[in-house]
Amino acid sequence: MPPKKITEKPRSVLPGGGKDISFFEQVYDVVRLIPKGRVTSYGAIAAFLGTKMSARMVGWAMNGSFHVKPKVPAHRVVNRNGMLSGKAHFATPTLMEELLAKEKIKVKDDQIVDFDKKYWDPAENLEI
DNA sequence: TTGTTGACCTCTT
DNA sequence: CAAGAGGCCAACA
């Protein structure tokens, strides 16, 4: 993943107040609101934004979350099974696990331990 | 410009 | 119960 050439400036910068924020911006916003020591899933974010089917796009958004500021805790986002599916896309394959370890989140076999306890549902803690 | 791919999720066979 | 296909939005070739 050296060539991480993602468009830094999506169409979020629109004339007229920038009210029309793209899906990415919303995803970043939700991910940033994830409390420390908690994790969520792509589907939950997608469902919170409106369509649960666009979970793929959430993952794609994470791909560009590294060069986005403020930094987005992409390591707190995992798939529905609690597996670190995107760990390979981090700077180093072990970075995601390291970051989660700092959040007191145990990871075993690329899977979050007590995922249901660490799980944080945006729909139940945030409001549109 | 169209077509394919992608860190996923859910429904259907 | 297990496996397959469909569907979302955006980036890349």
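The chains referred to below are lettered A, B, ... by the order of the sequence lines, with proteins before strands, and numbering in each begins at 1.
With C1' as the reference atom, dT4(B) and dG6(C) are 16 Å apart, rounded to whole Å. Comparing the P positions of dT5(B) and dA5(C) gives a spacing of 15 Å, expressed to the nearest Å.
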Whether each nucleotide of nucleotides 6-13 of chain B has a protein heavy atom under 4.0 Å at its base (B), only at its sugar-phosphate (S) or at neither (-) is summarised, 5' to 3', as BBBS----
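Counting only distance, with no hydrogens or angles, the side chain of Tyr28(A) and the backbone of Ala61(A) share a donor-acceptor pair below 3.5 Å. Judged by distance alone, the side chain of Ser54(A) and the main-chain N or O of Met57(A) form no donor-acceptor pair under 3.5 Å.
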Do any side-chain atoms of residues 97-109 of chain A form donor-acceptor pairs under 3.5 angstrom with protein atoms, and if so which ones, sequence neighbours left out?
residue, atom, partner, partner atom, Å
Glu103(A), OE1, Gly37(A), N, 2.8
Glu103(A), OE1, Arg76(A), NE, 3.2
Glu103(A), OE1, Arg76(A), NH2, 3.1
Glu103(A), OE2, Arg76(A), NH2, 3.1

Distance-only check: which donor-acceptor pairs under 3.5 Å involve side-chain atoms of residues 113-122 of chain A, not counting sequence neighbours?
residue, atom, partner, partner atom, Å
Asp121(A), OD1, Ala123(A), N, 3.1

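Between the P atom of dC9(C) and the CG atom of Leu49(A) lies a distance of 12 Å, rounded to the nearest Å.
Following chains of ILVMFWY side-chain contacts shorter than 4.5 Å, one can reach Leu84(A) starting from Phe66(A), so the two form part of one hydrophobic cluster.
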